[in-house]
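Worksheet: the structure to be examined is printed underneath.
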Amino acid sequence: MQKLYSLEAEQATKPLLVLLVAKLMNVEGIEDVVISEDQDFLRRTKSVTGRYPVLETADGVTIADSLPIARYLAKDCAAFVGATAESSK
């Protein structure tokens with residue numbers, strides 16, 4: 001199961017791009033985890049850069065920020081991310 005971590009203070013601007021791409025790509029099994037202000041240890045351990053949202057994949061890899069997460073979720077859809085390096089620019 002994958003986990004999408006976001007900060008409680010940013011819930012008004014939930015990671016909409018990530019949620020939209022997950023829905024369009026029919027990605028299932030993403031648990032939404034909201035980190036509150038008092039969970040400082042969890043905040044620091046999940047994001048090396050301190051930026052959120054963070055997706056933790058099933059194999060433990062973490063990906064920070066909405067666009068990289070969206071590209072990861074859509075990796076099998078060439079129309080979304082481009083079939084080659086040149087077409088994704």
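What you see is a predicted model, and the numbers here were worked out from it, not measured in a lab. All residue numbers in this chain count up from 1 along the given sequence.
- Here the closest non-hydrogen pair linking K46 and V54 is O-CG1, 3.5 Å.
- Shown here is E28, whose CD atom has no more than 12 heavy atoms of other residues, nucleotides or ligands within 6.0 Å.
- Summarising the geometry of D32 relative to S6, their closest heavy-atom pair is OD1-OG, 4.0 Å, with the distance given to 0.1 Å.
- At least one donor-acceptor pair under 3.5 Å links the side chain of Y52 to the backbone N or O of R43.
- Here CD1 of I35 is found 7.5 Å from OG1 of T45. Values are rounded to the nearest 0.5 Å.
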In residues 61-69, what donor-acceptor pairs under 3.5 Å come from side-chain atoms, sequence neighbours left out?
residue	atom	partner	partner atom	Å
D65	OD1	R51	NE	3.2

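- Transitive grouping of hydrophobic side chains (ILVMFWY, heavy atoms separated by less than 4.5 Å) keeps L19 and V33 in distinct clusters.
- The shortest heavy-atom contact between Q2 and A58 is CG-N, 3.9 Å.
- Connection of Y72 to L24 is established within a shared hydrophobic cluster, with ILVMFWY side chains joined at heavy-atom distances below 4.5 Å, either directly or through further cluster members.
- In terms of heavy atoms, C77 sits closest to M25 at CB-SD, 3.7 Å.
- The main-chain N or O of L7 is never found under 3.5 Å from a side-chain atom of E10 such that the two would form a donor-acceptor pair.
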Margin query: With side-chain contact (heavy atoms from CB on, under 4.5 Å) as the criterion, how do L4 and V18 come out once you've worked through the C-alpha distance, each side chain's angles and the decisive distance to 0.1 Å?
Written below: CA-CA 9 Å; L4 180 64; V18 174; 3.9 Å; yes

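- Between G29 and M1 the shortest heavy-atom distance is O-CG, 3.3 Å.
- Here the OH atom belonging to Y5 is positioned 10.0 Å from the CD atom belonging to Q39, to the nearest 0.5 angstrom.
- Counting all heavy atoms, side chain and backbone alike, G50 lies closest to S47 at N-OG, 2.9 Å.
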